[in-house]
Structures are given as structure tokens and as C-alpha cells.
Amino acid sequence: MTKRNVTICVSWPYANNNLHIGYIASSLSGDILARYHRMVGDDVIMVSGTDSHGTKPVLKAKKEGVTPKDIVDRYHKNFIEALDKFNFSFDKFSITYDEYHKQKCMDIFKKLYDNGYLYEKQLRRPYCEKCGKFVADTEIEITCPECGRRTKADNCDCGHVPTEADLEGATCLVCGGKTSQKQDKVLVFKLTAFKDVLTKLVKDNENVWRANSLNETKKYLADLRDRDFSRDLDWGVKIPVEGYENKVVWVWWEALLGYLTDTMKLGEEKGFDWRKFWKTDVEPNVKKIIYMVHAKDNIVFHSMFLPAMLEGLHDNFVINNTMVSAEYLMANNAKISKSSSGTSHEALDWANNYNTDSLRYHFAANGPETKDANFTFELFQTANNTEVVNKFGNLINRTLKFKGLETLPSGKLDETIKAEVEKTYDEVAKFIENIEFKKASERAMELVSFANKYYDENKPWVLAKENIEEFNNVIYSCAYVIANLSNIFEPFMPNASAKLREFLNLNKTPEWKPISIEGGIKLDKVEPLFSRI
RNA sequence: CGCGGGAUAGAGCAGUCCGGAAGCUCGUCGGGCUCAUAACCCGAAGGUCACAGGUUCAAAUCCUGUUCCCGCAACCA
């Protein structure tokens with residue numbers, strides 16, 4: 001296959017709470033893609049980082065009497081630790097308060113301004129005299145005129161959306177004082193200027209994107225509006241326009257550019273030209289794939305906001321991308337973010353208590369790919385004990401720990417096994433490239449079932465006593481399957497795959513193609529890959 | 001009536017675009033095997049495809065309406 005340049009953009013977790021398993025479930029697709037594309041020989045980068053700006057860290061910092069940086073550093077550390085334990089193979093995982101990111105963003109925003117895509121709008125906003133600044137809706141509290149309860153001003157639990165008038169005399173949550181409506185201005189991004197480009201983008205991907213990405217984007221296009229670009233806040237990326245010294249860029253606009261700034265930084269560090277991943281005029285003959293991996297609440301930002309910004313630079317950016325939009329992971333049928341039950345939904349807790357390969361497999365096979373997926377300990381336990389331990393782990397054990405077997409015998413490779421292995425590579429690859437990870441992981445597991453069946457039908461425990469040559473052929477053929485499972489499962493269960501390579505003295509760098517195996521390997525390193533829970 | 005995704009055996013899901021004998025994994029029940037972490041293999045039972053209409057020789061699939069879950073729409077991100 002000809003080499004492609006593949007960029008995998010995994011959405012940026014917000015530094016407001018510890019990483020939860022929903023993020024792992026919806027982002028895993030990115031790591032599966034990254035590992036697979038590296039194995040087929042593509043030039044791959046996978047990037048993301050911590051989204052550190054916005055009002056929430058600021059509020060939390062005030063409450064705890066620390067700086068916003070202290071808050072986001074705490075969560076950034078948690079993100080890195082959790083993602084590392086789940087074996088996410090990021091080439092870069094940065095943080096948006098990084099000076100490099102901020103500077104590059106400001107350069108880009110200046111260009112968008114110069115190109116005429118940012119304009120000023122007047123409006124009235126709540127202003128706190130005591131704090132001496134305009135405050136965000138989440139920083140003030142009002143009495144809801146609909147239900148009479150106290151609520152933050154962005155929305156009320158009763159469903160009422162406060163109007164400009166409702167905000168008059170709101171309470172500032174920072175200082176406790178009253179706010180008043182004052183004349184303010186906001187910088188607006190001219191999203192409507194990109195209607196044709198975005199319409200074409202959707203049309204070009206009619207058979208590529210999932211239904212949620214396509215329809216959600218079409219809906220926005222039907223009623224396309226310009227979007228606010230600035231925010232009244234001092235924690236964020238400064239706006240390189242005169243008169244906006246006290247405002248910052250709304251986090252979305254700069255966080256999305258993190259994919260680009262990560263790539264630029266990576267290029268400087270590793271010595272490659274970042275443009276080969278993002279520009280049509282660099283390595284023009286190499287196919288470029290840009291995957292956008294995120295959950296459904298992020299759709300339009302990736303399908304519209306980012307492409308519009310890139311197009312607005314008038315600089316041959318690759319606009320076309322492959323949207324990989326997941327639905328939501330529910331925990332015990334409740335929204336993870338709002339759940340307050342005793343069970344932890346923190347990614348790090350799960351990683352510390354259970355086998356992350358097993359969790360990865362479970363999320364690939366039963367994750368929120370096209371609709372919300374429920375996640376419970378019981379469902380995971382079943383998947384772990386039946387699919388992962390009984391089928392996968394047991395195949396390894398019954399083959400490589402066959403009673404009395406100390407070295408792998410040489411033998412003749414069974415033709416049906418050889419053919420099935422080749423077929424599995426092709427079909428799993430097809431599913432992965434088609435962003436169907438549920439099917440891909442299940443198809444991979446079918447090879448395990450195929451081998452277990454082959455094992456049973458050929459009864460090596462009988463052959464061991466009656467026909468040692470045939471016994472050797474069967475065990476050798478099963479070991480051949482196991483060697484290839486170490487490749488095929490690399491995107492899904494990287495730890496187990498690495499251990500299999502160690503058991504069988506295989507090359508440490510896996511490739512997406514059948515590998516042969518030699519007899520005579522000492523089997524003393526073999527141990528159970530997974531344990532029951 | 002703001003908009004998008006979803007509702008299919010006890011559980012989790014595929015099938016819906018392009019209508020043509022209801023499938024997969026797990027669980028349950030029965031059988032086989034004894035190499036293996038009591039794992040593995042074979043077989044069976046189990047579903048008015050959310051609900052109500054309609055189109056058709058034929059509907060899980062197309063059309064209309066309804067209910068429920070999730071998300072988006074606002075200076076939350």
C-alpha cells in the first residue's frame with residue numbers, strides 16, 4: 001500500500017474534573033486508528049492535550065484560593081496518568097496555556113482578522129462594579145422568573161433560558177455583589193462566509209461520516225450564523241486586536257487549533273515539516289487523512305468551526321476530514337457527568353483496578369459507536385471473563401502451556417488456518433478504515449474462536465499419545481495463529497500483544513501482515529495474559 | 001409542534017440507506033471433551049423488531065402519528 005500522511009486529532013479533555021471513562025470510550029477509536037495506521041506503514045501523528053482555559057477553572061480557582069494554572073495543572077497531570085495507563089499512544093499531549101500554542105494561535109487570529117473574518121458587535125452584558133469587569137453567565141446567579149429558584153444564568157434546571165432582562169441585578173458569584181447591564185462589545189467570527197465550503201465538505205463525506213456528524217452538521221448549515229469569538233475573561237488566549245485587551249478568545253476557537261499547534265511543535269522537535277500533514281501543497285501526491293475523534297457534543301466544532309478557520313487563512317489547508325463522532329457512554333443508565341452514585345467513573349480508578357486491555361476491548365466491542373452505550377461493572381466483568389479470559393487467554397494457555405510442552409515444536413502450517421489468518425487481516429483492516437470499530441474488534445475475536453474450534457476438532461490431547469507428527473502440526477498451527485493475534489490485536493489490546501511477542505520472541509515492532517514463526521522457541525516465559533474478575 | 005441520534009429474545013448489540021424466510025455475543029437448558037485460568041466444542045429453548053395506523057404480493061426496513069432515553073441550540077465546554 002502506498003504511504004499516507006495520517007493525522008489523528010483526539011478531542012481535548014477540559015481541565016474541570018478528573019478524566020472519566022466516557023472520554024476513554026469515545027477517544028479509544030483514535031488510538032486504534034493510530035496503531036493500525038502505523039502498522040500498515042503510514043506516516044502517523046496522534047495529537048491532543050488539555051483544554052485549560054474558559055470560566056470553569058477560573059471559578060474553581062477562586063473558590064479554592066489558588067490560581068487557575070494550579071487547577072488545570074492538577075487535572076492535566078490526572079489526564080496524562082490515566083491516558084498513559086490506557087496506553088494511548090499520543091505523539092503529543094500538550095496543554096493550551098502553553099506559550100507556543102498561544103503565540104501560534106494569535107498569529108492565526110491576526111491573519112483571520114486581516115482577512116476580514118472577525119468583526120465587532122455591540123451588546124449589553126452583566127458588569128460587576130466590585131470586580132471591575134464583565135462577568136460570564138456561569139459567574140452570576142439569578143432568580144429564575146419561570147420557577148422562582150436560584151440558578152446560574154446560563155440556564156435553569158426548569159428549562160428556562162434567561163433573557164437579557166432577567167440578568168439585571170444578578171448576583172456575582174465571585175464577590176457576592178450585584179451586577180448591572182452595561183454596554184459591551186464582542187468580536188464575532190464570520191462563519192456564514194464559509195457556507196459553500198462547508199456544504200461541499202458534508203457532501204464529499206456523505207458516505208464516510210456517521211449519521212450523527214452528517215445530520216448535525218447539515219442542521220447547522222441550514223441555519224448558519226456567525227459565532228462569538230471573544231469572551232470577557234482574563235484566563236485564555238489574548239486577542240491580537242486593538243480594543244480587546246481585556247478579553248480572551250472563546251476557548252473553542254483556540255483549543256481546536258491545538259491540533260495544528262501540536263503538529264507544528266512536534267515538527268520542530270522531531271525535525272519534520274508539519275505542513276505535510278495539513279497542507280495540500282506539501283507532498284501533494286501523498287494522500288492525507290485527518291481523523292477527528294470526539295463525542296457527539298463536539299460535532300459541529302470539528303465539522304465546521306475548525307475547517308472554516310483553516311479555510312479563512314487562504315493558505316492551502318486540508319479542509320476535508322474524517323469525522324469519528326461517538327455517542328455517549330452512560331454509566332448504569334445515567335449520564336456520567338451528572339451521576340453522583342457511589343461507583344467511580346474516573347478513568348484512573350478503572351485503570352488501577354482492572355486490566356486496561358480488557359477495558360479497551362470492551363469499549364471497542366460495546367462502546368457508544370452509533371448510539372449511547374450503557375457501561376456497568378457487570379457488563380465489563382462478563383466481557384472480561386468470557387471473551388477475553390475464556391476465549392483469548394485460554395487459547396494461548398491451552399496451546400503454549402500444553403501439558404509437558406517446553407519448546408514450540410516445528411510443524412506444517414494448516415492451509416485453512418493460513419487462509420483464515422490472511423482473511424482476518426483484510427477484513428479487520430477494512431472495518432478499521434471504515435471507522436467501524438465494533439465490527440473490527442468482533443471480527444478479530446472471530447479468529448480466536450476459529451482457532452479454538454480448530455483445536456477441539458483436531459484433538460491434540462489425543463494426538464499427543466497417538467501421532468506426534470500430527471500433534472506438532474496442530475500446535476504449530478495454533479501458535480501461528482497466536483503470533484498473528486499479536487499483530488491483529490495490537491490496536492485493541494497493546495499490552496497483551498506486546499506480551500505475546502515476548503512469549504514467542506517476535507519482532508518488537510508489529511506490522512499489519514501475516515508473520516511466520518519458527519519452531520524451537522522456549523516456552524518458559526508463557527504466563528496467563530488475563531485474570532478473571 | 002426548534003433540530004439530530006436511538007428504541008430489535010433475560011442482558012448487550014448487528015440488520016434499516018438499496019423491502020423478500022428475525023441474526024451475533026453473553027446468559028439459560030442439554031450433550032461432548034479433559035490440553036487449558038471448571039476454560040473449550042456441539043445442540044436446543046427463548047423475540048407480536050417501542051406503540052398505533054398506512055403503502056405493498058411481501059415491512060424491523062418505506063410513509064404518517066405517538067411515547068420514552070441521549071445530545072445540540074444560550075458567554076458551560
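Below, each value reflects all heavy atoms present in this structure, side chains not excepted, and no hydrogens, waters or symmetry copies. Chain A is the first sequence line, chain B the second, and so forth, proteins listed ahead of strands; every chain is numbered from 1.
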Practice task
Give a yes or no on whether the backbone of Ser497(A) and the side-chain of Ser486(A) come within a donor-acceptor separation of less than 3.5 Å.
Solution key: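 Judged by distance alone, no pair lies under 3.5 Å.
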Handout entry: Whole-Å gap separating P (rC69(B)) and CG (Asn212(A))
Key =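 After rounding, the reported distance stands at 20 Å.
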Problem - Close side-chain approach of Met292(A) and Tyr259(A), heavy atoms under 4.5 Å - result: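 Result yes, sub-4.5 Å side-chain heavy-atom pair found.
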Practice task
Compare the minimum distances between each of rG4(B), rC75(B), rA14(B) and the side chain of Val186(A), then state the nucleotide with the smallest one.
Solution key: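 Of the options given, the side chain of Val186(A) lies nearest rC75(B).
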Exercise for the section: Rounded to the nearest angstrom, tell me the gap between atom CD in Glu436(A) and atom P in rG15(B). Expected result: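 After rounding, the gap between these two atoms is 8 Å.
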Exercise for the section: Identify which nucleotide among rA77(B), rC35(B), rG5(B) has an atom closest to any side-chain atom of Asn215(A), counting heavy atoms from C-beta outward. Expected result: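 Of all the options, the side chain of Asn215(A) is nearest to rG5(B).
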Problem - Options rC72(B), rC41(B), rA77(B), nucleotide nearest the side-chain atoms of Asn452(A) - result: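 The answer is rC41(B), which lies nearest to the side chain.
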Problem - Nucleotide rA39(B), atom C1' - distance to NZ of Lys401(A) in whole Å - result: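 Those two atoms, NZ and C1', are 16 Å apart.
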Problem - Which nucleotide in rC75(B), rC72(B), rC35(B) has an atom nearest any side-chain atom of Asp232(A) - result: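 Nearest nucleotide to the side chain: rC75(B).
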Exercise for the section: Kindly indicate whether the side chain of Asn397(A) and the base of rA36(B) share any N or O donor-acceptor pair separated by less than 3.5 Å? Expected result: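 Such a pair does not exist between side chain and base.
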Problem - Watson-Crick/G-U partner (both atom distances under 3.5 Å) of rC72(B) - result: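 In the structure as shown, rC72(B) has rG2(B) as its Watson-Crick or wobble partner.
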Handout entry: Options rC26(B), rG4(B), rC35(B), nucleotide nearest the side-chain atoms of Arg398(A)
Key =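 Side chain of Arg398(A) sits closest to rC35(B).
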Practice task
Kindly indicate whether the side chain of Lys438(A) and the base of rC13(B) share any N or O donor-acceptor pair separated by less than 3.5 Å?
Solution key: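 A donor-acceptor contact between them is absent.
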Practice task
Test Trp209(A) against Asn321(A) for side chain to side chain contact (heavy atoms under 4.5 Å, CB included), laying out the working first.
Solution key: CA-CA 9 Å; Trp209(A) 295 359; Asn321(A) 64 36; 3.4 Å; yes
Handout entry: Lys391(A) side chain near rC26(B) phosphate (N/O to OP1/OP2, under 4.0 Å)
Key =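 Looking at the OP1 and OP2 atoms of rC26(B), one of them is under 4.0 Å from a side-chain N or O of Lys391(A).
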Practice task
Could you please name the option among rA73(B), rA39(B), rC76(B) that lies closest to any side-chain atom of Asn390(A)?
Solution key: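 Given the options rA73(B), rA39(B), rC76(B), the side chain of Asn390(A) is closest to rA39(B).
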Problem - Residue Lys439(A), side-chain atoms from C-beta onward, closest of rA14(B), rA73(B), rA39(B) - result: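 From the listed options, rA14(B) comes nearest.
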Exercise for the section: Between rU37(B), rG27(B), rA77(B), spot the one nearest the side chain of Thr386(A), thanks. Expected result: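 Of the options given, the side chain of Thr386(A) lies nearest rG27(B).
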Problem - From Ile239(A), Asp226(A), Leu187(A), residue fulfilling side-chain contact (heavy atoms from CB on, under 4.5 Å) relative to Leu118(A) - result: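 The passing option is Leu187(A).
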Problem - Asp226(A) CG - rA73(B) P separation (whole Å) - result: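 Atom CG in Asp226(A) sits about 17 Å away from atom P in rA73(B).
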Problem - Between rA11(B) (P) and Leu379(A) (CG): distance, integer Å - result: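 To the nearest whole Å, that distance equals 11 Å.
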Problem - Heavy-atom side-chain proximity of Leu257(A) to Phe109(A) below 4.5 angstrom - result: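 Yes, at least one pair of side-chain atoms sits under 4.5 Å.
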Handout entry: Under-4.0 Å side-chain N/O to phosphate OP1/OP2 contact, Lys453(A) with rC42(B)
Key =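 Yes, because at least one side-chain N or O of Lys453(A) sits under 4.0 Å from OP1 or OP2 of rC42(B).
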Exercise for the section: Examine rA39(B): is either OP1 or OP2 under 4.0 Å from a nitrogen or oxygen in the side chain of Arg532(A)? Give yes or no. Expected result: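 For Arg532(A), the contact criterion (side-chain N or O under 4.0 Å from OP1 or OP2 of rA39(B)) is met.
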Exercise for the section: Just name whichever nucleotide pairs with rG43(B), Watson-Crick or G-U, keeping both distances under 3.5 Å, else none. Expected result: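 Paired with rC29(B).
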Problem - Modelled atom types, side-chain donor and acceptor of Glu387(A) and His362(A), under 3.5 Å - result: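 Note: Glu387(A) and His362(A) side chains miss the donor-acceptor criterion.
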Exercise for the section: Answer with base, sugar-phosphate or nothing: what part of the nucleic acid does Arg443(A) contact at a heavy-atom distance below 4.0 Å? Expected result: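 Nothing: the residue Arg443(A), judged by heavy atoms under 4.0 Å, touches no strand.
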Exercise for the section: Tell me what Asp228(A) touches on the nucleic acid: a base, only sugar-phosphate, or nothing, going by heavy atoms under 4.0 Å. Expected result: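 Base contact.
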Problem - 5′-ward residue of the pair Val448(A)/Lys403(A) relative to RNA chain B - result: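 Residue closer to the 5' terminus by nearest nucleotide: Lys403(A).
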Practice task
With heavy atoms under 4.0 Å as the rule, sort Val389(A) into base, sugar-phosphate or nothing.
Solution key: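 Counting heavy atoms under 4.0 Å across all strands, the contact made by Val389(A) includes a base.
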Handout entry: Nearest listed nucleotide, side chain of Asp456(A), among rA77(B), rC41(B), rC75(B)
Key =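 Within the option list, the nearest is rC41(B).
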Exercise for the section: Would you please classify the geometry between the His53(A) ring and the Trp235(A) ring as parallel, tilted or perpendicular, with 30° and 60° separating the classes? Expected result: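 It falls in the perpendicular class, over 60°.
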Handout entry: Nucleotide opposite rC13(B) in a Watson-Crick or G-U pair, distances under 3.5 Å
Key =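 rC13(B) is paired, partner rG23(B).
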Practice task
Quick one: label Pro528(A) by what it contacts on the DNA or RNA (base, sugar-phosphate, nothing), any heavy atom closer than 4.0 Å.
Solution key: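 Answer is base: heavy atoms of Pro528(A) come under 4.0 Å of a base.
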Handout entry: For rC51(B), the Watson-Crick or wobble partner whose two distances fall under 3.5 Å
Key =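 rC51(B) is paired with rG65(B).
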Exercise for the section: Taking only the side-chain heavy atoms of Asp297(A) (C-beta and beyond), determine which of rC75(B), rC72(B), rA36(B) contains the nearest atom. Expected result: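 The answer is rC72(B).
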Exercise for the section: State whether Thr382(A) places a side-chain N or O below 4.0 Å from either non-bridging phosphate oxygen (OP1 or OP2) of rU25(B). Expected result: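 The answer is no; no side-chain N or O of Thr382(A) sits under 4.0 Å from OP1 or OP2.
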Practice task
Identify whether any heavy atom of Phe530(A) sits under 4.0 Å from a base atom; if not, whether one sits that close to sugar-phosphate; answer base, sugar-phosphate or nothing.
Solution key: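 Touches a base.
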Practice task
Using a 4.0 Å heavy-atom cut-off across all strands, classify Leu256(A) as base, sugar-phosphate, or nothing.
Solution key: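 No contact.
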Practice task
Using the aromatic ring of Trp461(A) (for Trp, its six-membered ring), decide whether it stacks on the base of rC35(B) within the limits of 5.5 Å and 30°.
Solution key: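 The ring of Trp461(A) is stacked on rC35(B).
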Problem - Side chain Tyr455(A) and base rC35(B) donor-acceptor under 3.5 Å - result: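 Pair found.
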Problem - 5' priority, RNA chain B, between Glu387(A) and Lys56(A) [closest heavy atom] - result: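 Nearest-nucleotide comparison on RNA chain B picks Glu387(A).
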